[in-house]
Amino acid sequence: MRYWLMKSEPDEASIDHLANAAHRTLPWTGVRNYQARNFMRDGMQIGDGVLFYHSSCPEPGIAGLAEVASTAYPDPTQFDSKSPYYDPKSSQETPRWLLVDVVFKKKIPLIPLAALREHEELKDMRVLARGNRLSITPVTEAEWRFITTRLV
DNA sequence: GCCAACGTTGGC
DNA sequence: GCCAACGTTGGC
């Protein structure tokens, strides 16, 4: 059992979109970074905990809790020439990009980025690291426990 | 809109 | 394989 933080732009897919999706589940489309892909492919298992983070928005921060709901499989948007996530260099035979399904668990009062930075216990969180741009980052069990018991 | 930081691309 | 140029991310 591992823990992750996954960034999403709320205009595209917010915690409310997830809560209202069929089966409260969405495929995590659009990851086009190898490190993030590898976390999904090599690190994630069904049932892993997910901190659902809103990014590139007026109030960035953790907006809810979710769970990994599938193992990794090819992201269909890479094959769709009309999609902004289309990748002409990928092929059905050797898909370059993968995704996992994510299922809603709980909406929480937003924990703003600035609030995360206030806690000594969270100072090493990958998402808070200088210059971090990864859309998926591992979360330690201690960080997960602190956030879900103290900040939620 | 700015800009720091980082990943990717492509010429050599 | 190096590395400069470029594009993207994402907070502010």
Side-chain angles (χ1 to χ4, degrees), chain A residues 2-21 26-44 48-68 70-140 142-144 146-148 150-152:
Chain A
R2 298 186 192 178
Y3 306 94
W4 309 92
L5 181 143
M6 299 175 80
K7 292 182 191 172
S8 181
E9 301 188 12
D11 287 349
E12 288 242 345
S14 69
I15 190 71
D16 292 324
H17 288 127
L18 186 63
N20 294 317
L26 287 174
W28 205 263
T29 55
V31 169
R32 296 294 180 268
N33 169 284
Y34 290 105
Q35 250 185 295
R37 179 202 66 182
N38 294 350
F39 283 140
M40 291 194 285
R41 185 189 62 190
D42 306 329
M44 286 190 182
D48 282 2
V50 173
L51 301 172
F52 193 108
Y53 182 94
H54 286 176
S55 72
S56 293
C57 59
E59 283 194 292
I62 297 170
L65 306 179
E67 235 175 62
V68 174
S70 78
T71 52
Y73 62 96
D75 180 345
T77 62
Q78 71 195 300
F79 308 123
D80 176 3
S81 61
K82 294 187 193 69
S83 166
Y85 300 121
Y86 177 59
D87 183 351
K89 293 180 184 166
S90 188
S91 70
Q92 297 275 355
E93 294 72 33
T94 55
R96 179 174 297 200
W97 304 113
L98 304 174
L99 56 70
V100 297
D101 292 337
V102 171
V103 61
F104 176 87
K105 283 288 154 187
K106 187 179 186 181
K107 184 176 178 177
I108 63 172
L110 187 88
I111 308 171
L113 178 58
L116 295 174
R117 292 194 191 281
E118 286 171 7
H119 296 283
E120 172 71 14
E121 293 88 341
L122 303 179
K123 69 175 167 52
D124 294 328
M125 275 190 87
R126 282 282 288 278
V127 72
L128 303 181
R130 202 169 106 96
N132 170 71
R133 294 190 320 183
L134 263 185
S135 63
I136 299 176
T137 49
V139 172
T140 68
E143 290 161 352
W144 173 270
F146 183 81
I147 290 168
T148 56
R150 302 279 306 281
L151 303 185
V152 169

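Just so it is clear: chains get the letters A, B, ... in the order the sequence lines come, proteins before strands, and each one is counted from 1. Only this structure's heavy atoms are used, side chains among them; waters, hydrogens and symmetry mates stay out.
Summarising the local packing, CD of A/Glu59 is surrounded by 12 or fewer heavy atoms from other residues, nucleotides or ligands at distances under 6.0 Å.
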Base versus backbone protein contacts along nucleotides 3-12 of chain C [heavy-atom cut-off under 4.0 Å; B, S, -]: ----BBBBSS
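Proximity of A/Arg117 to A/Leu128: side-chain heavy atoms (C-beta onward) are separated by under 4.5 Å at one or more points. At least one side-chain heavy atom of A/Trp97 sits under 4.5 Å from a side-chain heavy atom of A/Tyr34.
Each salt bridge (Lys or Arg N to Asp or Glu O under 4.0 Å) pair with one or both residues in residues 102-113 of chain A, not counting sequence neighbours, appears once here: A/Asp16-A/Lys107, A/Glu67-A/Lys105.
Stem list for DNA chain C (at least 3 consecutive Watson-Crick or G-U pairs, distances under 3.5 Å): B:1-12 with C:1-12.
A/Gln78 pairs in a side-chain hydrogen bond (donor to acceptor under 3.5 Å, both in side chains) with only one of the listed residues (A/Ser91, A/Ser90, A/Ser83), which is A/Ser90.
Salt bridge status for A/Arg37 with A/Asp75: absent, with no side-chain N to carboxylate O gap under 4.0 Å.
Side-chain contact annotation: A/Asp80 with A/Tyr85, donor-acceptor N/O pair under 3.5 Å absent.
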